[in-house]
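Below is one structure, written out as structure tokens; the observations come after it.
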Protein chains: 2
Amino acid sequence: MVIHPTNGAVRAVPPATVARLPGYLRALDALAAEDVVTTSSDELAVRAGVSPAQLRKDLSFLGSYGRRGVGYDVAHLSEQVGVALGLATQRRVVIVGIGNLGHALANYSGFADRGFAVVALVDASPAVVGTTVAGLVVEPLDQLADIVTSRDVSIGVIATPAAGAQDVCDALVQAGVAGILTFAPRALRVPEHVDLRAVDVASELQILAFHDARRTATGA
Amino acid sequence: MVIHPTNGAVRAVPPATVARLPGYLRALDALAAEDVVTTSSDELAVRAGVSPAQLRKDLSFLGSYGRRGVGYDVAHLSEQVGVALGLATQRRVVIVGIGNLGHALANYSGFADRGFAVVALVDASPAVVGTTVAGLVVEPLDQLADIVTSRDVSIGVIATPAAGAQDVCDALVQAGVAGILTFAPRALRVPEHVDLRAVDVASELQILAFHDARRTATGA
DNA sequence: TAGATTGTTAATCGATTAACAATC
DNA sequence: TAGATTGTTAATCGATTAACAATC
């Protein structure tokens with residue numbers, strides 16, 4: 001049996017499992033929106049696009065939230081997955097780089113729905129600073145440290161061109177954010193205590209191209 | 001020794017390796033831009049943010065493109081990785097859903113630099129159809145099949161809200177694309193012969209939140 | 001030759017899958 | 001009780017790491 005510390009958290013959830021939890025949460029919320037009260041690992045797995053065995057294994061790292069022979073209570077499981085993901089507390093986010101992508105991110109309504117508040121927009125260009133985007137006034141880059149501290153920002157999003165990304169990253173780390181999500185097409189360096197995730201759209205397309213090349217090469 | 005089929009391709013490159021190849025290509029291109037002619041697995045690994053052992057192991061799946069005691073020729077290795085990724089042929093891309101994100105993607109210059117041509121923009125809304133974005137006139141959703149066939153589109157990008165995503169996905173599959181990149185926050189279902197990659201920005205933030213929660217819970 | 005660095009092997013590690021006992 | 005479904009165990013599979021022989 002797994003030992004649960006008194007705060008209800010469970011130790012050592014594998015990274016691969018953590019990466020799938022948001023998908024489970026989405027599927028659970030979709031079920032709740034359809035007024036489904038109880039679900040099974042089979043149903044939920046189909047919705048989330050994984051195997052039932054993997055779903056049960058993943059959930060077992062969080063605790064025992066199902067009932068054998070019955071299934072899972074949608075509302076309860078959703079809450080527990082949310083707790084595991086640390087969504088009980090709303091995280092405050094700063095977006096750095098208000099170009100096309102930064103604009104799109106600032107206007108994305110999906111953040112608020114899923115536990116995040118964009119509390120500041122920052123850009124290096126004087127032409128952009130002072131403009132209003134998604135109800136927020138864009139602030140200059142040299143205010144970044146102040147913003148992070150005074151508004152208790154824990155996550156920074158980098159939507160700058162590749163050239164400035166590492167500097168912005170360093171500034172965010174210096175300012176004390178816990179995690180960084182970057183869209184800049186460049187490998188970034190962070191100290192071990194800061195969590196970094198990188199999304200590179202062109203890289204995603206290149207991975208698709210690899211499989212396309214396989215297909216055409218083999219005549220499939 | 002690995003057997004190389006006559007077309008120069010190598011069989012069975014592991015998925016985890018494929019996913020890292022674009023990063024290697026980026027790092028190589030950055031070196032080339034700095035007029036570096038020869039590199040080592042140590043240098044390249046640092047640039048790409050992986051270990052030298054992993055880099056060499058990954059490259060070994062593609063073939064033997066280095067020289068022992070010397071290192072790798074930057075231009076040659078870059079070319080070979082590009083070939084492995086199928087970038088010799090330019091892929092044509094259609095973007096479906098021209099909201100904030102679709103707009104940003106349409107205007108992203110990084111695609112052309114990295115082997116992709118956005119040849120069509122499609123949207124379901126009559127208010128958007130007919131407008132010009134990034135030099136392309138937005139076309140109606142019911143033209144999708146025609147567009148894919150007549151313009152030889154092999155990759156579809158879904159930037160619609162979650163609600164319409166599966167229908168768009170089905171239409172893309174029906175039209176015959178080889179790969180799909182989706183930004184919609186919903187699990188999509190594709191047949192086995194179609195390659196699907198999903199980017200969900202809010203999920204990325206939730207994964208960061210998980211680690212942040214660990215940190216604060218343990219008082220780190 | 002001596003030094004450097006690759007490509008590959010073997011060992012370790014982590015993730016997935018399948019099967020089933022526990023239990024509702 | 002009989003049927004259903006979880007939570008867990010054990011087996012399989014794949015990915016990473018470390019070490020080093022090959023070789024430039």
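Per chain, numbering begins at 1; letters A, B, ... match sequence-line order. This structure is a prediction, so every number in the text was calculated from the model and none was measured.
For A/Q54, the CD atom counts as densely surrounded, since its 6.0 Å shell holds more than 12 non-hydrogen atoms of other residues, nucleotides or ligands.
Candidate nucleotides D/dG7, C/dA18, C/dC24 were compared by shortest atom distance to the side chain of A/R67, and C/dC24 ranks first. The listed nucleotides are D/dA21, D/dA19, D/dT6; the one nearest the side chain of B/R68 is D/dA21.
To the nearest 0.5 Å, the span separating CZ on B/R67 from OG1 on B/T38 amounts to 9.0 Å.
For the pair B/L62 CG and C/dT6 P, the interatomic distance rounds to 15 Å; values are reported in whole Å. Regarding B/Q54, its CD atom lies at a distance of 19 Å from the P atom of C/dT12, rounded to whole Å. Separating the CG atom of B/D73 from the C1' atom of D/dC24 is a distance of 15 Å, rounded to the nearest angstrom. Here D/dC24 presents its P atom at 17 Å from OH of B/Y65, a figure rounded to the nearest Å. Put simply, CG on B/L77 is 12 Å from C1' on C/dT6, counting in whole angstrom units. If you take NE2 of B/H76 and P of C/dT6, they are 14 Å apart, rounded to a whole angstrom. Summarising the geometry, the separation between CZ on B/F61 and C1' on C/dT6 is reported as 15 Å, rounded to the nearest angstrom. Across the protein-nucleic acid pair, B/L59 atom CG and D/dT17 atom C1' stand 16 Å apart, rounded to whole Å.
Put simply, B/S41 has a side-chain N or O that comes within less than 4.0 Å of OP1 or OP2 on C/dT6. Between B/Y72 and C/dA4 there is no side-chain N or O to OP1 or OP2 distance below 4.0 Å.
Taking a pair as Watson-Crick or G-U wobble with both distances under 3.5 Å, the runs of three or more consecutive pairs in DNA chain D are C:3-24 with D:3-24.
Nearest-nucleotide assignment on DNA chain C puts the 5′-proximal partner with B/G69, out of B/G69 and A/R56. Along DNA chain C, the nucleotide nearest B/K57 and the nucleotide nearest B/D42 are compared for position; the residue whose nucleotide lies closer to the 5' end is B/D42.
Across all strands, B/P15 comes closer than 4.0 Å only to sugar-phosphate atoms, never to a base (heavy-atom distances).
Under a 3.5 Å cut-off, the side chain of A/T149 and the backbone N or O of A/A145 do form a donor-acceptor pair. Side-chain atoms of B/R91 never come within 3.5 Å of backbone atoms of B/S154 as a donor-acceptor pair (strictly under, hydrogens ignored). Using modelled atom types, no side-chain atom of B/R47 and backbone atom of A/A187 make a donor-acceptor pair closer than 3.5 Å.
A search for salt bridge (charged side-chain N to carboxylate O under 4.0 Å, His left out) contacts involving B/R114 returns A/D200, not counting sequence neighbours.
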